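Report on one structure; see the data block that follows.
Heads up: numbering here begins at 1 and tracks the sequence. Any value given below was found using the heavy atoms of this structure, including those in side chains, with hydrogens, waters and symmetry copies removed. Computed from a predicted structure; not experimentally measured.
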Amino acid sequence: MSRQDLSDFEIGYEYVRKRYSFLAEHSSHDLWKLGVAYMQARGANAELSRGMGFYFLELGIKIRLVEITSDH
């Protein structure tokens, strides 16, 4: 799929996924705070920002699940 076919949300999500996956080393709480901040964007780039925020939230959830399952 070409970049022209992607929505702003998808472009933001893919950008963060490709460039910031190293943030998986941070705590889920830090990633959730970052995700919430991006999700609150308003204006012309809001949809792009929401895509970025969604990735951070998703990554935070995945990390938290690993934390929970490794505790047992």
**Study point:** N/O donor-acceptor pair under 3.5 Å between Ser49 side chain and Tyr38 backbone
**Key:** yes

First locate atom [atom1] of [X], then atom [atom2] of [Y], and finally report the distance between them rounded to the nearest 0.5 Å.
X	Y	atom1	atom2	result
Tyr55	Leu23	OH	CG	8.5 Å
Ile11	Asp5	CD1	CG	10.0 Å
Tyr20	Phe56	OH	CZ	7.0 Å

Point to revise | Close side-chain approach of Leu59 to Val16, heavy-atom, < 4.5 Å | key: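 Not touching, per the 4.5 Å side-chain cut-off.
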
Can you see which heavy atom on [X] is nearest to which on [Y], and at what distance?
X	Y	result
Gly12	Met52	O-CG, 3.3 Å
Arg42	Arg50	NH1-NH2, 3.4 Å
Leu57	Met39	CD1-CG, 3.8 Å
Glu67	Ser70	O-OG, 3.1 Å
Val66	Thr69	O-OG1, 3.2 Å
Ile61	Trp32	N-NE1, 3.4 Å

Exercise for review: Count the heavy atoms belonging to other residues, nucleotides or ligands that lie under 6.0 Å from CZ of Phe54, then report whether that count exceeds 12.
Suggested key: no

Exercise for review: Show your reasoning for whether side-chain contact (heavy atoms from CB on, under 4.5 Å) applies to Asp30 and Lys33.
Suggested key: CA-CA 5 Å; Asp30 291 341; Lys33 289 191 323 188; 4.3 Å; yes

